[in-house]
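Whatever order the structure lists them in is the order used to number ligands and atoms, beginning at 1. Predicted model, so just to flag it, every value in this text is computed and none were measured.
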Amino acid sequence: MSFLWPVVFVVGTAVFAANKVTDIDVDCRKDSVVVKWKVNKNLAEKPSSLLLGDCSPLMFAPDADGGGEAIFSSGLSDCHFKQTRTTTKVIYENNLTFRPLLKPNSALFTYPIQCVFERSEGMQPFVKPAFVVWQNQGDLIFHMGLLNNNLSGPALSNFFPFGSFINIWAAVEQQAHQPLMLYLEECVASTALTLGAGSWTHPIIANKGCLIDGKNGYSRFLPRFESSSILLQLQSFKFAMEQEVYIHCKLVVWDPQDLNEEKKACNYDKITGEWELLDNPSQNDLCRCCDGGCKQRKTRSLHSAQAQRSVLGPLIIPASSSGTSERVTRLKLGT
Ligand SMILES: *[C@@H]1O[C@H](CO)[C@@H](O)[C@H](O)[C@H]1NC(C)=O
Ligand SMILES: *[C@@H]1O[C@H](CO)[C@@H](O)[C@H](O)[C@H]1NC(C)=O
């Protein structure tokens with residue numbers, strides 16, 4: 001999957017200094033950290049059990065009274081450093097541990113290590129139109145991007161105050177094809193650019209095109225201008241506020257004449273409490289499975305649907321001071 005987004009680079013200086021009290025000295029550098037840890041006799045007996053994340057010390061220097069000093073030197077992308085980003089800072093976290101027994105036994109000593117970098121340029125709104133283009137294996141070209149409030153052009157900022165609308169536009173270029181219908185089969189928000197087991201996600205579209213986020217807020221698919229594009233008006237949520245959020249979607253194209261439980265776009269109407277089929281309200285029953293599970297059809301089609309996974313972002317939902325109602329749903333992947 002290619003990711004062609006304006007990337008915000010981080011250049012920063014460490015602002016976290018060592019905590020001398022515990023005889024642990026942390027020196028945060030541009031992309032690395034040096035940790036010096038003076039240990040007593042008990043810990044010095046097993047220097048290989050002293051760990052920074054999953055890394056052993058680079059060197060261990062015994063001292064005269066039986067203790068010693070372990071020195072770790074690591075890149076901030078190594079040794080299982082955890083990275084989080086806020087609007088103004090990039091934070092790298094890890095643990096220094098004494099682990100004489102192998103995992104899953106717990107560590108006998110844990111000390112948190114943190115390097116905090118100011119983002120010198122802060123997080124800027126998009127400077128270029130916020131669009132991503134992919135070329136599929138076939139002859140289809142998919143696009144996904146953010147539109148401004150009045151849908152007249154690309155969004156110029158990636159900041160979306162809580163409760164405001166994020167207009168997500170997706171389209172497929174038809175080329176010489178017969179007419180195609182584009183669906184968003186599945187979308188989640190995550191702080192991770194690459195989803196993996198353990199990524200926190202906020203589900204938006206699930207069950208083959210059901211806009212489940214519309215049950216909490218006022219997110220909805222807007223009426224289509226053309227079958228080959230779709231507009232999702234997503235109300236910004238409280239998931240991962242102040243952090244970079246990525247929208248991961250699976251785009252699928254299909255025959256516009258063949259609406260079915262697998263190829264559909266369903267809105268939830270909060271007033272009636274019913275699901276509605278975006279492309280043909282007389283077939284709303286295709287959306288009925290949204291509250292349960294929309295199953296795979298048994299009949300095999302001659303054509304297989306073309307699909308494309310894509311990521312949009314980063315988006316930022318700044319923390320708001322006003323006490324608005326909670327809209328938090330969190331799912332952990334791979335559990
Ligand atoms: C450090 O250890 C604590 C407690 O054992 C754990 O909650 C935390 O996630 C660890 N941090 C990292 C960066 O692994
Ligand atoms: C649409 O919104 C943009 C800014 O978001 C503004 O510059 C433009 O004038 C608006 N266009 C119309 C037709 O309202």
Side-chain angles (χ1 to χ4, degrees), residues 8-40 42-60 69-119 123 188-202 238-246 313-314 316 319 328-335:
V8 181
F9 288 101
V10 179
V11 189
T13 45
V15 294
F16 183 85
N19 183 340
K20 292 286 181 193
V21 181
T22 52
D23 260 343
I24 293 170
D25 179 276
V26 182
D27 177 12
C28 296
R29 300 172 184 185
K30 189 164 167 279
D31 340 276
S32 64
V33 62
V34 175
V35 179
K36 293 180 182 166
W37 182 10
K38 284 210 173 74
V39 297
N40 63 19
N42 293 342
L43 270 58
E45 275 168 14
K46 282 196 157 188
S48 62
S49 302
L50 303 171
L51 297 169
L52 174 62
D54 61 344
C55 295
S56 303
L58 188 67
M59 59 174 288
F60 184 80
E69 187 180 45
I71 299 175
F72 299 85
S73 174
S74 158
L76 290 171
S77 51
D78 306 325
C79 300
H80 283 162
F81 267 91
K82 243 188 244 165
Q83 190 206 75
T84 41
R85 285 157 176 256
T86 71
T87 38
T88 55
K89 292 182 168 63
V90 182
I91 302 158
Y92 293 89
E93 288 172 299
N94 211 336
N95 283 326
L96 209 50
T97 54
F98 177 60
R99 196 179 279 283
L101 297 171
L102 290 179
K103 282 184 178 175
N105 291 295
S106 53
L108 293 188
F109 172 89
T110 300
Y111 183 83
I113 298 290
Q114 205 184 40
C115 289
V116 181
F117 296 91
E118 298 290 342
R119 306 180 69 155
M123 272 190 212
V188 298
S190 177
T191 49
L193 174 55
T194 313
L195 292 180
S199 301
W200 284 103
T201 62
H202 168 87
K238 261 194 182 164
F239 169 79
M241 279 179 139
E242 290 285 302
Q243 292 182 46
E244 293 189 341
V245 173
Y246 297 89
I316 317 285
V328 193
T329 24
R330 286 184 134 204
L331 273 185
K332 199 160 193 182
L333 288 187
T335 51

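Shown here, atom 3 (C) of ligand 1 is in close reach of the protein: a heavy atom of it lies under 4.0 Å off. For atom 7 (O) of ligand 1, the protein comes within 4.0 Å by no heavy atom at all.
Applying the 4.0 Å criterion to heavy atoms of N94 picks out, from ligand 1, the atoms 13 (C).
When only interatomic distances are considered, the shortest N/O to N/O separation between K82 and ligand 1 falls below 3.5 Å.
Residues F98 and W37 place their aromatic rings such that the two centres sit no closer than 6.0 Å.
Using a distance-only test at 3.5 Å, with no hydrogens or angles considered, a donor-acceptor pair links the side chain of N40 to the main chain of L43.
A pairwise comparison of heavy atoms in N94 and G53 identifies OD1-CA, 3.1 Å as the closest pair. When all heavy atoms of L76 and R29 are compared, the pair lying nearest together is CD1-O, 4.2 Å. What you find for V33 and C115 is that their closest heavy atoms are CG2-SG, 3.8 Å.
Summary of contacts: the protein heavy atom closest to atom 14 (O) of ligand 1 is N95 ND2, 3.6 Å. Scanning the protein heavy atoms around atom 13 (C) of ligand 1, the nearest turns out to be E93 O, 3.4 Å.
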